[in-house]
Amino acid sequence: MTDQTISAPAAARGTPVNSPARVLLASLIGTTIEFFDFYVYATAAVLVFPTLFFPASDATTALLASFATFSIAFFARPFGAIVFGHFGDRIGRKATLVAALLTMGISTVIIGLLPTYAQIGVAAPALLALCRFGQGFGLGGEWGGAVLLATENAPEGKRSWYGMFPQLGAPVGLFLSSGFFWVLLHFMSQDDLLAWGWRLPFLASIILIVLGLWVRLSITETPEFAEAVKHDQRVSVPVVELFRNHKRSLFLGTFVALVTFVLFYICSAWLLSYNVKVRQVAFMDALLMQIYGSVIFGIAIPFAGKIADATGRRPFLVVVTIMIGIFSFFLAPLMGAGEGSLYLFVTIGMFLMGLTYGVIGAALAAPFPTRVRYTGSSITFNFAGIFGASLAPYAATWLQQSYGLAHVGYYMLAASVITLACILASGRDEV
């Protein structure tokens, strides 16, 4: 039986189907928890970690060191993609997603319990880096499985729509993490935040983990994977087949998603640090702007799912990528002006982010057959994270300080050109 047959609507095969509401909730709740954990770290990397874990440095060096630990997770994610992808393609999506959720969640909770530099010296940033690696390792296995949970249960013609639900976890997680820190700052002083308040968002992950496990354990295996098991189409080592037979899809997929990551981390982590460290915007006001951006981000994602199903993902991504390239020329004028221009920058940037991110999950899963799809989609997404996101806050900070804001825009432009070239090089069935 071909993979095209396996991709047919589940109802036509007579395979037990999870209810749409349960599938979409399970895919959304998991990525929300994972991204909440991830963005809590990103926010703390700007607001508290430079002071608590890198106090021996000057302010700029401490921030860059904090961003360096932030980047560790992106280099850990491909390893998570390979390990969890292997088991996801061998034993199933459901069990693997539960393991990924626990890995990410436990790493996050431990961060909330870590002693600081003042308490144990250089061991503190070392332990922070180790936990950050655990976060990245878990997220490397989470994202691909959540997308497959949605798309492999999707009716014919609705893959982009179903595939956008796990993508909604990113703006929801950003909203919750930024909102949590905003509430903390609203009710406590900055000194209290640095003394103990910063730990609360990390420890609160325990509640989210329990909720996520309850939802994830209530679903059955995806119909497409069940069909692959039935017809004995699994492979012994998915990553070996992937690099042997699907190198083109891995390469193109990695850079198709490049500008998605660059745009997001410029409009979130770097923007937050720029507002606080360069423009001297109050913490609460900077977080409020990030909360606003997460709402715009979330609003755009459903539009992307609907439009991409109607027009096709490939032409949709071409148009959006060109729009991001045009937007890059406006970065410096908008970022260098008043508060109103900053909000305009966030509005345009995060709306474009929602459009590209909303369909990137379905696009990266599309070229891979069921037997290696978990591994393939996870690796491409996380390789893109290395090239597009891991160094984006660091690179943007360095470019802004060394050459000015215009060069941060050129950085975004270069990413959009590379992404556009890879989309155009991809065939209709490869995106």
Side-chain angles (χ1 to χ4, degrees), residues 3-4 7 74-75 77-82 85 88-89 140 143-148 151-152 159-160 163-164 166-167 235 238-265 304-305 307-309 311-325 328 352-353 355-392 411-431:
D3 289 301
Q4 285 72 26
S7 298
F74 293 96
F75 291 92
R77 280 162 66 162
F79 294 101
I82 292 170
D89 285 326
W143 179 86
V147 168
L148 297 191
T151 57
E152 290 186 353
R159 288 216 166 200
S160 293
M164 71 87 186
Q167 304 299 78
V235 294
V239 70
V240 172
E241 176 170 335
L242 193 68
F243 281 96
R244 179 185 296 146
N245 299 322
H246 302 281
K247 291 186 287 291
R248 170 186 165 87
S249 295
L250 281 171
F251 177 84
L252 291 177
T254 294
F255 292 101
V256 161
L258 179 71
V259 78
T260 302
F261 281 96
V262 170
L263 175 64
F264 178 72
Y265 282 96
I307 297 170
D309 274 335
T311 65
R313 287 187 296 272
R314 187 171 182 267
F316 179 79
L317 282 172
V318 166
V319 171
V320 174
T321 303
I322 292 172
M323 292 170 65
I324 295 171
S328 67
L352 289 172
M353 178 60 200
L355 294 182
T356 181
Y357 191 73
V359 300
I360 205 69
L364 296 186
F368 300 105
T370 306
R371 61 185 178 272
V372 295
R373 189 175 293 146
Y374 198 132
T375 307
S377 60
S378 296
I379 288 178
T380 52
F381 182 79
N382 291 304
F383 275 0
I386 288 179
F387 291 106
S390 64
L391 299 178
Y411 175 47
M412 188 191 300
L413 176 64
S416 65
V417 170
I418 293 170
T419 288
L420 181 61
C422 289
I423 295 172
L424 295 176
S426 302
R428 274 187 62 187
D429 298 328
E430 291 182 297
V431 173

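All residue numbers refer to positions in the sequence shown, counting from 1. Keep in mind that the numbers below use all heavy atoms, side chains included, and drop hydrogens, waters and symmetry copies.
Across Gln167 and Gly361, no two heavy atoms sit closer than the pair NE2-N, 3.6 Å. Between Ile386 and Pro78, the shortest heavy-atom distance links the atoms CD1-CG, 3.3 Å. Nearest approach of Gly163 to Thr151, heavy atoms of both residues: CA-CG2, 3.7 Å. Across every non-hydrogen atom of Arg314 and Ser426, the tightest pair is NE-O, 2.8 Å. When all heavy atoms of Ala392 and Gly388 are compared, the closest pair comes out as CB-O, 3.4 Å. Between Pro238 and Asp89 the shortest heavy-atom distance is CG-CB, 3.7 Å.
Between Phe251 and Phe255, the ring centre distance stays below 6.0 Å.
In this structure, Ser249 and Thr380 have side chains that are not in contact, with every pair of non-hydrogen atoms separated by 4.5 Å or more. Contact check for Glu241 versus Thr375: no side-chain heavy atoms found under the 4.5 Å cut-off. Here the side chains of Val319 and Leu355 are not in contact, with every heavy-atom distance at 4.5 Å or above. For the pair Leu420 and Leu424, the minimum side-chain heavy-atom distance is below 4.5 Å. The shortest distance between side-chain heavy atoms of Ile418 and Val259 does not fall below 4.5 Å. Residues Leu250 and Phe368 are in side-chain contact: their nearest non-hydrogen atoms beyond the backbone lie under 4.5 Å apart. Contact check for Phe381 versus Arg77: side-chain heavy atoms found under the 4.5 Å cut-off.
Distance check: Phe387 CZ to Leu258 CG gives 9.0 Å after rounding to the nearest 0.5 Å. Between the CD1 atom of Ile324 and the CE atom of Met412 there is a distance of 8.0 Å, given to the nearest 0.5 Å. To the nearest 0.5 Å, atom CD1 of residue Ile322 and atom CG of residue Leu352 are 12.5 Å apart. In this structure, CG on Leu252 lies 10.5 Å from CD1 on Ile423, to the nearest 0.5 angstrom. Here CZ of Phe261 is found 8.5 Å from CD1 of Ile360. Values are rounded to the nearest 0.5 Å.
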side-chain contact (heavy atoms from CB on, under 4.5 Å) for Val359 and Met164? Distances and angles first, verdict last.
CA-CA 6 Å; Val359 300; Met164 71 87 186; over 6 Å; no
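Remark: Phe316 engages no residue in a ring pair (Phe, Tyr, Trp, His ring centres under 6.0 Å) (not counting sequence neighbours). Under the side chain to side chain donor-acceptor pair (under 3.5 Å) criterion, Ser378 pairs with no residue, sequence neighbours left out.
Panel note: side chain Asn382, backbone Gly140; a donor-acceptor pair is recorded below 3.5 Å. In this structure a side-chain-to-backbone donor-acceptor pair under 3.5 Å is missing from Ser377 to Ala365. A donor-acceptor pair under 3.5 Å links the side-chain atoms of Ser328 to the main chain of Gly325, judged by distance alone.
In this structure, a donor-acceptor pair under 3.5 Å is absent between the side chains of Thr419 and Thr321.
Annotation: Phe75, atom CZ; neighbour count of heavy atoms from other residues, nucleotides and ligands within 6.0 Å is above 12.
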